[in-house]
Amino acid sequence: MTKYLIIGQGAAGTSAARTLRQIDPLASVTMISAESDWFYSRVDLPDIIAGKLSPEDAILAGREQFDALKIECRIGETARRIDPAGQAVELSSGARVPYDKLLLATGSEPVVPPMPGGGARGVHYLWTLADTRRILEASRAARSAVVVGAGLIGLKTALALKERGLEVAVVEKMLHVMPQQLDETAAAILADKVQGAGIQVVTGMQVNALETVDGKVTGVLLEQRRIVADMVVIAVGVRANVALGRGAGLEVGRGLVTNEFLETSAPGIYAAGDAAEIRDLLTGAPIVPATWGVAVEQGKVAALNMAGKRIAYDGAIGMNSVDIAGIPMISVGTINPAADDRQFTVQSGDTYRKVVVRGKQVNGVLFLGNVRQAGVAANLVLRRAEIGEIDILSSNFSFVSVMAQ
Ligand SMILES: Cc1cc2nc3c(=O)[nH]c(=O)nc-3n(C[C@H](O)[C@H](O)[C@H](O)COP(=O)(O)OP(=O)(O)OC[C@H]3O[C@@H](n4cnc5c(N)ncnc54)[C@H](O)[C@@H]3O)c2cc1C
């Protein structure tokens, strides 16, 4: 009987466990999870802060579901060390769990910027359900909040705290909001909406320190400015959680380096989800997409390979599809053009569309506001379609007339 061991019970780990059980009804499948909550949706966390969902609503599978699949779960236990030669993982409890095939689905962790006052009471990060409960609790006693970082998680957190009735400001050191996913024009439309929701948006300014009194945060200090805050949420990015793999001598780049079968540099040890570095489908560059759908897909492919199926994973494409402040947006591929790229844009009110073309190939699309036909556009990027620029210019927000040549 093969012994499969999975570290991490997030999107990637759970998808892998389910796939392994499907392939092999008799195998031993064990999951180790450092969190004490069962598998839940991280995507739902801002809605819990906003009061639209309860923490229980976010649980996607609990003890019953895992028991039914005969997946052994060691919840609330941390894997401390891998012993690749002995094919076992040591837990913080001291227990040793043997494996034939191991999957590291250890996800991401929030970046903690070194900053005076960063360790004060009232300073939070949003990554886990436990973080969410703490933020929720803190928000009940707070009147004002500052969110540091205007990426996807920062903006969603700011809007959620606003919905709870707090005075909210969001501070972003780059020149516009969501600098990873949006260009300046799209970001301006979104920032306008966020401000319209009553949130103060400050861009192009860095938080240098957090102001504290008796160990409790009272505000944030920018270059020449102070913003009052009873609580602060830091959301300046995430990075792959590679500590366990690195400790075992696995090759590490932006994440745990994997080959086309999602196997790490150590035979028999695989990686999937936010912890894994894979290839960009378009450019071949090493990337960590850090999105839910990609984590699920990788968990599945890793499991198939752990079970000996030899299924190649071609890589993923940078793709984001979200709704923030009532504005839906989808970005696919490269949306910030390189020097030789051409870009075509159309804008009307809150709708903005952009296509980036490299040579004759559609390399990226960004739709904001009206995302009708975004699927068609995304497909053009995925298929590396070639298009005539006249068709783009005459399409007037519609891709119906875009011809893939
Ligand atoms: C607030 C928020 C909003 C988001 N919104 C979106 C969105 O709209 N769309 C989207 O695509 N993505 C979104 N994401 C990102 C998405 O949730 C992640 O890409 C996805 O959860 C990654 O799944 P994963 O399984 O790779 O890792 P994770 O979900 O991070 O799971 C990894 C697990 O491994 C555990 N672990 C780590 N090390 C150990 C160890 N040594 N021992 C035991 N356990 C360990 C961790 O505790 C964690 O539970 C959002 C994330 C957050 C936080």
Side-chain angles (χ1 to χ4, degrees), residues 5-17 30-50 53 58 60 73-82 89-93 95 97 102-111 124-132 135 147 149 151-160 178 180-181 233 235 237-248 255-256 262 271-278 288-300 302 316 318-324 328-331:
L5 180 58
I6 298 169
I7 314 294
Q9 197 186 58
T14 304
S15 157
T30 303
M31 302 184 86
I32 313 291
S33 173
E35 293 188 57
S36 43
D37 287 296
W38 290 83
F39 175 47
Y40 61 87
S41 165
R42 288 195 201 287
V43 177
D44 285 342
L45 300 182
D47 280 346
I48 298 174
I49 297 173
L53 295 175
L60 299 172
C73 299
R74 302 182 72 145
I75 298 295
E77 290 206 59
T78 301
R80 195 169 55 186
R81 199 177 72 84
I82 305 170
V89 169
E90 197 179 288
L91 308 188
S92 42
S93 60
V97 186
L102 173 65
L103 176 66
L104 299 180
T106 48
S108 301
E109 55 190 0
V111 171
H124 300 269
Y125 292 83
L126 178 61
W127 188 252
T128 65
L129 196 49
D131 295 335
T132 309
I135 292 173
V147 177
L152 165 80
I153 294 176
L155 286 182
K156 285 203 162 205
T157 305
L159 285 154
M178 289 186 74
Q180 311 261 14
Q181 290 93 352
V233 180
V238 295
R239 68 170 147 244
N241 188 351
V242 296
L244 192 61
R246 180 177 272 139
L256 298 167
L262 293 178
D274 284 12
E277 176 187 291
I278 51 134
V288 178
T291 54
W292 183 274
V294 169
V296 171
E297 174 68 11
Q298 285 180 14
K300 188 175 166 186
M319 174 139 73
N320 270 283
S321 163
V322 282
D323 186 313
I324 298 181
M329 61 197 86
I330 295 181
S331 65

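Ligands are counted one by one from 1 in listed order, and the atoms in each one are counted from 1 as well. Numbering starts at 1 and runs along the sequence shown.
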4.5 Å side-chain heavy-atom contact, [X] and [Y]:
X    : Y    : value
M178 : N320 : no
L45  : L129 : yes
R74  : V97  : yes
L5   : I32  : yes

Salt bridge (Lys or Arg N to Asp or Glu O under 4.0 Å) involving E297 - partner list, sequence neighbours excluded: none
Show me, by chain and number, every protein residue that has a heavy-atom distance under 4.0 Å to ligand 1. I7, G8, G10, A11, A12, I32, S33, A34, E35, R42, V43, P46, E77, T78, A79, A105, T106, G107, S108, L126, W127, L152, I153, N241, L244, G273, D274, A290, T291, W292, A295, V322
When every non-hydrogen atom of E109 is compared with those of A240, the smallest separation belongs to OE2-O, 4.3 Å
